[in-house]
Amino acid sequence: MSDALDKIQQRVLPVHACERLPIRECLDRVNNEAVKSPHNVPPLPNSAMDGFAVAIGSLAQGEVTELEEVGTAFAGNPFNGNCGPGQCVRIMTGALVPEGTDAVIMQEQVEFTETGKIRVDSDHRVGENIRLAGEDVVQGEIVIDAGARLSPADIGVLASLGIGQLQVKRKPVVAFFSTGDELVSIGEKLEPGKIYDSNRYSLHCMLSRMAVDVIDLGVVKDEPAAMREVLENASKRADLIISTGGVSVGEADYIKPALADLGTTEFWKIAIKPGRPLTFGQIDASIFMGLPGNPVAVMVTFSQFVVPAIDALAGAKPRRPALFRARALDAMRKKPGRYEFQRGIATLDDNNQWQVAKTGKQGSGILTSMSRANCFIVLPDENDGVEAGDEVQIQFFDWSL
């Protein structure tokens with residue numbers, strides 16, 4: 001499995017074209033070049049609390065000091081006077097720290113006198129409750145790296161710096177289709193021997209959660225000429241071509257010979273279950289990934305292999321899904337020599353630790369095993385089976401990766 005992922009990372013090159021967009025349109029897009037802060041954030045020292053701005057040097061050591069309030073500083077409306085010895089300034093969160101003060105004492109830590117003054121003890125320090133200039137971001141600091149997939153927090157950072165537009169990589173174009181004479185689309189009559197095509201719907205939904213432009217090429221008949229035509233046309237339109245079905249060694253599987261004529265094949269089998277007949281190759285500048293026909297195998301191979309390929313196309317930094325430890329509630333049969341992705345339901349036990357149960361039958365055509373699950377139970381190639389109570393690794397579903 002790791003060899004297949006390495007080949008994908010080596011072969012897939014990022015798209016070159018970029019576009020400049022308003023930052024509101026940049027969510028989940030890939031940043032093209034590092035963004036440096038044009039100024040400090042915050043630009044000037046300001047208060048982290050509601051309270052009173054004071055000069056620590058004016059507080060008597062070991063005693064309580066009375067201070068006279070000489071004004072109020074608001075966020076966006078600073079106190080423009082000077083705070084001298086024996087004085088303080090009422091200050092609100094976010095307000096600029098007044099001249100002559102070097103600490104903010106929380107209002108809960110002062111005592112009010114009948115004459116309107118405040119009483120403060122000496123147990124305070126310089127810089128207390130003050131956000132320093134550049135504490136969040138220093139001018140010239142890189143705040144978003146090239147290749148970063150932009151999150152809501154990233155967009156907020158850009159806005160805080162006054163940056164309204166950003167140069168991002170263009171979206172990869174992904175074309176996909178299903179193969180098989182047995183497939184019919186929703187709305188068509190289901191004749192004997194026919195089945196509804198679920199793979200295109202699953203694929204469309206998973207792709208819709210990614211920053212890609214999608215081309216649905218429908219169902220392609222099991223005919224060599226039709227297969228060659230769709231691959232040739234798709235290679236002129238898409239950065240990535242995805243098929244489902246037609247990549248094994250059956251008599252009606254025409255993708256492999258068509259790919260051999262039009263391009264190259266890096267691999268066409270991998271040691272995982274479900275998803276063994278996975279093809280990876282290239283037609284001109286387009287990457288091709290032929291997924292198995294079974295619905296569960298489609299979703300497994302998409303999450304483990306297609307997502308990293310799309311990340312690489314988009315110019316994003318490669319990511320690997322996070323694995324968590326969990327206690328198995330069921331026994332699981334497995335032979336060593338291949339990775340297995342069983343479908344599980346993970347919950348927290350009474351000790352706030354993860355535990356996981358299988359969703360039931362694990363056949364690669366049982367799509368309900370996916371719809372009922374919230375994670376994969378990942379059994380590495382050396383694993384030879386699991387007993388109830390054993391520790392396993394789980395990988396939560398996140399099709400937006």
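The analysis underlying the following values was restricted to heavy atoms, covering all of them including side chains, and did not include hydrogens, waters or symmetry mates.
Remark: the backbone N or O of P38 is paired with a side-chain donor or acceptor of Q139 at under 3.5 angstrom. Of the possible donor and acceptor atoms, none in the side chain of N40 sits under 3.5 Å from a partner among the backbone N and O of A133. Not a single donor-acceptor pair under 3.5 Å links the side chain of S122 to the backbone N or O of Q61. At distances below 3.5 Å, not a single donor-acceptor pair connects side-chain atoms of T65 with backbone N or O atoms of L59. A distance-only check finds no donor-acceptor pair linking the side chain of T265 to the backbone of F267 [under 3.5 Å]. Of the possible polar contacts, one joining the T179 side chain to the T244 backbone as a donor-acceptor pair under 3.5 Å is found. The backbone N or O of G293 sits less than 3.5 Å from a side-chain atom of N199, completing a donor-acceptor pair. The backbone N or O of V41 lies less than 3.5 Å from no partner atom in the side chain of D136, so there is not a single donor-acceptor pair. Panel note: side chain K358, backbone M332; no donor-acceptor pair is recorded below 3.5 Å. With Q87 contributing its side chain and G84 its backbone, the two residues share a donor-acceptor pair below 3.5 Å.
Within 6.0 Å of the CG atom in D123, the count of heavy atoms belonging to other residues, nucleotides or ligands does not exceed 12. H39 NE2: more than 12 foreign heavy atoms inside a 6.0 Å radius. Heavy atoms of other residues, nucleotides or ligands lying less than 6.0 angstrom from NZ of K317 number more than 12. No more than 12 heavy atoms of other residues, nucleotides or ligands shown are found within 6.0 angstrom of NZ on K273. Atom CD of E391 has more than 12 neighbouring heavy atoms from other residues, nucleotides or ligands inside a 6.0 Å radius.
When each of F341, F376, F302 is paired with F397, the ring-ring contact (aromatic ring centres under 6.0 Å, His included) condition holds for F376 and for no other. Exactly one residue among I215, L203, L231, I242 makes a side chain to side chain contact (heavy atoms under 4.5 Å, CB included) with F177. That residue is L231.
A salt bridge links E19 with R29: the distance from a Lys NZ or Arg NE/NH1/NH2 to an Asp or Glu carboxylate oxygen falls below 4.0 Å. With salt bridges taken as basic N to acidic carboxylate O contacts below 4.0 Å, one links D311 and R149. Salt bridge annotation for R119-E66: present, with a cationic side-chain nitrogen under 4.0 angstrom from a carboxylate oxygen.
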List the steps, then state whether side-chain contact (heavy atoms from CB on, under 4.5 Å) holds for R11 with F280. CA-CA 10 Å; R11 280 290 184 182; F280 174 69; 3.8 Å; yes
With side chain to side chain donor-acceptor pair (under 3.5 Å) as the criterion, how do E340 and Q362 come out once you've worked through the C-alpha distance, each side chain's angles and the decisive distance to 0.1 Å? CA-CA 11 Å; E340 285 197 16; Q362 296 290 301; over 6 Å; no
Stepwise, does the side-chain contact (heavy atoms from CB on, under 4.5 Å) test hold for I186 with Y201? CA-CA 10 Å; I186 293 173; Y201 291 87; 3.5 Å; yes
L379 and Q342: side-chain contact (heavy atoms from CB on, under 4.5 Å), yes or no, with the steps? CA-CA 8 Å; L379 305 178; Q342 304 211 13; 3.9 Å; yes
Trace of the side-chain contact (heavy atoms from CB on, under 4.5 Å) decision for L259 with W268: CA-CA 11 Å; L259 185 60; W268 63 284; over 6 Å; no
What's the verdict on side chain to side chain donor-acceptor pair (under 3.5 Å) for S178 and D197, showing C-alpha distance, side-chain angles and the deciding distance? CA-CA 8 Å; S178 296; D197 176 18; 3.0 Å; yes
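The OG1 atom of T72 lies 10.0 Å from the CG atom of N77; values are rounded to the nearest 0.5 Å. Separation of atoms OG (S364) and CZ (R276) is listed at 12.5 Å; rounding is to 0.5 Å. In this structure, OG on S202 lies 10.5 Å from CG on L207, to the nearest 0.5 angstrom. With rounding to the nearest 0.5 Å, the separation of CG in D213 from CG in D239 is 9.5 Å. How far CG of N32 is from NZ of K169: 4.5 Å, rounded to the nearest 0.5 Å. To the nearest 0.5 Å, atom CD1 of residue I144 and atom CD1 of residue I163 are 7.5 Å apart.
Counted by atom type alone, R372 and T359 present zero donor-acceptor pairs between their side chains at under 3.5 Å. In this structure, a donor-acceptor pair under 3.5 Å is present between the side chains of S151 and D154. Side chains of Q107 and R90: a donor on one and an acceptor on the other come within 3.5 Å.
Looking at every heavy atom in both residues, D102 comes nearest to I56 through OD1-N, 2.8 Å. Closest approach of P98 and F79 over heavy atoms only: CB-CD2, 3.8 Å. Heavy atoms only, all atoms of each residue included: I91 and S47 are closest at CD1-CB, 3.6 Å. Looking at every heavy atom in both residues, Q167 comes nearest to N31 through O-OD1, 3.4 Å. Here the closest non-hydrogen pair linking P274 and V296 is CG-CG1, 4.0 Å. Taking all atoms of both residues into account, the shortest heavy-atom contact from L329 to A388 is O-CB, 3.8 Å.
Residues F52 and Q109 have side chains not in contact (no heavy-atom distance under 4.5 Å, counting atoms from C-beta outward). Within the 4.5 Å cutoff, the side chain of Q282 has heavy atoms near those of the I287 side chain. Counting only heavy atoms from C-beta outward, the side chains of L262 and F288 never approach each other to under 4.5 Å. You'll find the side chain of E69 reaches within 4.5 Å of the side chain of C88, heavy atoms only. At a threshold of 4.5 Å between non-hydrogen side-chain atoms, the residues M206 and S303 do not count as touching. Residues T279 and K256 have side chains not in contact (no heavy-atom distance under 4.5 Å, counting atoms from C-beta outward). Proximity of E223 to Y254: side-chain heavy atoms (C-beta onward) are nowhere separated by under 4.5 Å. Taking 4.5 Å as the limit, every side-chain heavy atom of R24 sits out of range of all side-chain heavy atoms of I155.
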